[in-house]
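Chain identifiers are assigned alphabetically (A, B, ...) following the order of the sequence lines, protein sequences preceding nucleic acid strands; residue numbering begins at 1 within each chain.
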Protein chains: 2
Amino acid sequence: MKTETKNKLIQQAAVIKALSHPTRLLIVDMLSKKNICVCEITKAIGNDMSTVSKHLSVLKNSGLVDITRKGNQIFYNLKCPCILEFMDCIAKVAKVTAKEKIKQISCCARKRA
Amino acid sequence: MKTETKNKLIQQAAVIKALSHPTRLLIVDMLSKKNICVCEITKAIGNDMSTVSKHLSVLKNSGLVDITRKGNQIFYNLKCPCILEFMDCIAKVAKVTAKEKIKQISCCARKRA
DNA sequence: TGTCTATTTTGCCAAATAGCCAAATAGATT
DNA sequence: AATCTATTTGGCTATTTGGCAAAATAGACA
């Protein structure tokens, strides 16, 4: 494989990885509605603010979000709302998978009985 | 947050996580063109077959791919091609981010000089 | 300048991940 | 049944991640 192709894959995987955590998905969802500051996000999520800040910096490093300072608060905003379109597909996959997992469990239960 | 909402996020994050590795992105790309068997995928990727097999099982568990046996080979196929549409957006984000990272580096270099 | 507030960074720990090699398994074939 | 081939699983190590608490920082404002 060409190094260039490989690097592209690595970079793309990094962006996807930034999205691959429930807390960060929630943050993205919140930002899709309104630009908000760290303290508001922290309130909504319930974790320690330092934890939330780390999640935010993961999103920022991936290039998915951006910041603006207003007074002494920092507001985060979605840089590429196109990722929202994708979430429908992911939600569909997740739903089907969840159903199948339940089926598998009940199937095993039957076998054991 | 409702437990139901939380669980949905966890499930969706799991699907995204399955996509968050360069090797698995490459596999998905290959499968978007043609259903192929493990040995072919292994050839294309260059890692140990056991490593590739593990990546495939991550994709399978997430519900993104499915398998069919033909003789004593196992063919993998994409279950939800809708994820391909998403890749354009990701590629865009990755490209912009890569450019910005380069800028940052050269900027630091200037500062140091 | 010093202080206040919002946010980020650091240090630490437990858990998860990716890779290889060796061993196990599942069907196909004799 | 014995063997062959394709694939998966288990064991190991090194690395990364997510969480909290404490310390550091950045800018606002007296």
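Taking a 4.0 Å limit (strictly below) on heavy-atom distances, residues 54-78 of chain A reaches DNA chain C at A:K54, A:N72, A:Q73, A:I74, A:Y76. Near DNA chain D, defined here as any heavy-atom distance below 4.0 Å, the residues from residues 38-47 of chain B are B:V38, B:C39, listed numerically. A heavy atom lying under 4.0 Å from DNA chain C marks the following residues of residues 5-26 of chain B, by number: B:K17, B:H21, B:R24.
Under the rule for a side chain to side chain donor-acceptor pair (under 3.5 Å), the partners of A:D48 that lie at least two apart in sequence or sit in another chain are A:S50. When the side chain to side chain donor-acceptor pair (under 3.5 Å) test is applied to B:T68, no partner is found at least two apart in sequence or on another chain. For B:D29, the side chain to side chain donor-acceptor pair (under 3.5 Å) criterion is met by B:K33, not counting sequence neighbours.
DNA chain D is contacted by both A:M49 and B:M49; B:M49 maps to the nucleotide lying nearer its 5′ end (nearest heavy atom per residue).
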(message) Assess the residue pair A:V28 and A:L59 against the criterion (side-chain contact (heavy atoms from CB on, under 4.5 Å)); give the C-alpha distance rounded to whole Å, side-chain angles, the decisive distance to 0.1 Å, and a yes or no.
(response) CA-CA 9 Å; A:V28 166; A:L59 287 171; 4.2 Å; yes
(request) Might you work through the side-chain contact (heavy atoms from CB on, under 4.5 Å) test for B:R24 and B:L64, ending with a clear yes or no? (result) CA-CA 11 Å; B:R24 295 197 289 268; B:L64 285 164; over 6 Å; no
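Residue B:I16 is not grouped with residue B:V58 when hydrophobic side chains (ILVMFWY) are merged at heavy-atom distances under 4.5 angstrom, including chains of intermediate members.
Within the structure, the ring pair (Phe, Tyr, Trp, His ring centres under 6.0 Å) test picks out the following pairs touching residues 8-39 of chain A (sequence neighbours left out): A:H21-A:H55. Pairs passing the ring pair (Phe, Tyr, Trp, His ring centres under 6.0 Å) check and including a residue from residues 58-84 of chain B, sequence neighbours excluded, do not occur. Applying the side-chain hydrogen bond (donor to acceptor under 3.5 Å, both in side chains) definition to pairs two or more places apart or across chains, none involves residues 35-45 of chain A.
In terms of phosphate contacts, A:T51 brings a side-chain nitrogen or oxygen within less than 4.0 Å of OP1 or OP2 of D:dC20.
Counting 5' to 3', DNA chain C first comes under 4.0 angstrom of a heavy atom of chain A and last does so at the ends given by C:dT5 to C:dG11.
We find that CG of A:D48 is positioned 13 Å from C1' of D:dA23, with the value rounded to whole Å.
Separation of atoms CE (B:M49) and OG1 (B:T51) is listed at 11.0 Å; rounding is to 0.5 Å. Atom-to-atom distance recorded for A:I74:CD1 and A:I67:CD1 is 5.0 Å, nearest 0.5 angstrom.
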For residues 77-94 of chain A, which side-chain N or O atoms pair as donor and acceptor with protein atoms under 3.5 Å away, sequence neighbours left out?
unit_1	atom_1	unit_2	atom_2	d
A:K79	NZ	B:E100	OE1	3.0
A:K79	NZ	B:E100	OE2	3.1

Using a 3.5 Å cut-off and no angle test, enumerate the donor-acceptor pairs between side-chain atoms of residues 4-15 of chain B and protein atoms at least two apart in sequence or in another chain.
none

